[in-house]
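All remarks here apply to the structure that follows.
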Amino acid sequence: MMEHSLGNKYSQVVNVLIFIFPIVIISLQVAGDLVLFILAIMGIFIAISQKLSPFIIKEIKVFSYLTMGYFAAVCLSVLFSGKASELLHYIPRDFHFLFAPFIALTLFKAKINLNYLILGSKVALLLLGLIIMSELLSGATLAERKTGVINANVFGNLSVFLFYVVLVFFQNESLKSILFTLLSLFSGLFVIFASGSRGAWLSFLFLFGFYLYFLCKQKTKDRMKLKFFTLLSIFAILLFVSSNQFIKDRVYSSYQEISNWKSGISIETGTVLGDKKGDINTTSAGQRLGMYKLALSKIVDVPFFGHGYRTSNKVVFEDDKSLGGQLSYSYNHLHNAYLTNYFNGGIVLLGALLLILFVPFRIFIKASSQNHQNPAMTAGALLTLGYASFGMVNILLGDTYMNGFYVFFLSIFLLLSNKSINTS
């Protein structure tokens, strides 16, 4: 529970919004932003009426500086792009970080009940499973990667963390809640693999390893239940993967694309660029590897403040006339958040990204070391690790869904962790 609350009715409203957010952020356009907007307005009202700044409150001060620092770095990136007039066009997608301190202030003044967040995450996974199932029943196939209202890769990434929110808090549940939890987890597993995002699959496995690590460090009374559930989860994952042809095809295609790229063998690209026969850099894996290789070769030429917002691909592929180069030139990111931020905003923007990922991670690890029994710290650590892994092969912060999701969950878990550290 949070101290300095404004009353039960206020806390009840905040907790209802906390329950709603995981459900709507992926399934309904704009709805997640609307929830964050309401939380931000409440925080701004508190700041004005009580003359209270989120930058001086110990529990949310670090979060406030990190988010505002990242927003400022993005603004600098736009300014140095030579297109300052487009600031209002690009910046609104990053407003989540501008208003993040006030969202944290709203949460700080409420008595947060994490059960609302956990229940909302369970309902979200079940709802997402129903969305995918309804699309399949309407005639779609898994190969079409239909994932509701957002990009399949973003859909898969965010579903991964919702899965771990439910999984991490499983240990504290009663037997009556286990069936509902298992249904939501199996639905989440189905959703993650149905997204077809191989990057999300890798992140899922990456986080599963860290989840087991954090689990082993905990000393709970129900270790047998946790061990049984862990073995059941591993068995379910292996069974699902081994029996699903779609997953095996996606994994095999990744292996083939990487092998072809390494050996320099040209392949047929199908519908890419008008059914033309292209080069190895037109496949999904080939594009990424080609982007990374060429970007790394030009990394020493990046100025301190970068080349400007959304200019990474134009800078890297401006002289590349190959089919893969032309295709990569048309994108606005390098399918790697770290390279993209470095080319766009130089040391400043890359540094801001690394800080907003790994400063909270350090806080979560410190809080977890002091209280192994609190799963909120584990969830926070998995959030930052998950986002760090998402950014290895895809866009990270910059997408409105990814931005809002990270701000929301980071504000809650970082607030709880800082409170745990300060009261220990």
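Source: prediction; values computed, not measured.
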Mind checking whether [X] and [Y] have ring centres under 6.0 Å apart?
X: Phe390; Y: Tyr387; result: yes
X: Phe317; Y: Tyr331; result: no
X: Phe405; Y: Tyr401; result: no

Any [X] side-chain heavy atom under 4.5 Å of [Y] side chain:
X: Leu128; Y: Ser187; answer: no
X: Phe99; Y: Ile41; answer: no
X: His307; Y: Val302; answer: yes

side-chain contact (heavy atoms from CB on, under 4.5 Å) between Val14 and Lys109, intermediate numbers included: CA-CA 10 Å; Val14 172; Lys109 299 294 284 187; over 6 Å; no

Please step through ring pair (Phe, Tyr, Trp, His ring centres under 6.0 Å) for the pair Phe204 and Tyr164, ending with a clear verdict. CA-CA 9 Å; Phe204 175 84; Tyr164 281 103; 5.6 Å; yes

Show your reasoning for whether side-chain contact (heavy atoms from CB on, under 4.5 Å) applies to Ile412 and Phe21. CA-CA 12 Å; Ile412 291 177; Phe21 182 83; over 6 Å; no

Reference residue Lys122; test side-chain contact (heavy atoms from CB on, under 4.5 Å); the match among Val166, Leu183, Leu162: Val166

By the definition side-chain contact (heavy atoms from CB on, under 4.5 Å), identify the one residue from Phe169, Phe210, Phe413, Phe214 that meets it with Thr378. Phe214

Please list all pairs passing the salt bridge (Lys or Arg N to Asp or Glu O under 4.0 Å) test where one or both residues lie in residues 378-388, with sequence neighbours left out. none

Separation of Ser411 OG from Leu107 CG (nearest 0.5 Å): 4.5 Å

About how many Å separate CZ of Phe190 and OG of Ser195, when rounded to the nearest 0.5 Å? 10.5 Å

Side chain to side chain donor-acceptor pair (under 3.5 Å) between Asp33 and His96: does it pass, once the steps are laid out? CA-CA 8 Å; Asp33 288 337; His96 305 85; 2.9 Å; yes

Given side-chain contact (heavy atoms from CB on, under 4.5 Å), test Leu296 with Leu339 step by step and report yes or no. CA-CA 8 Å; Leu296 288 172; Leu339 287 173; 3.9 Å; yes

Considering the options Tyr65, Tyr70, Phe71, Tyr406, which one meets the ring pair (Phe, Tyr, Trp, His ring centres under 6.0 Å) requirement together with Phe97? Tyr70

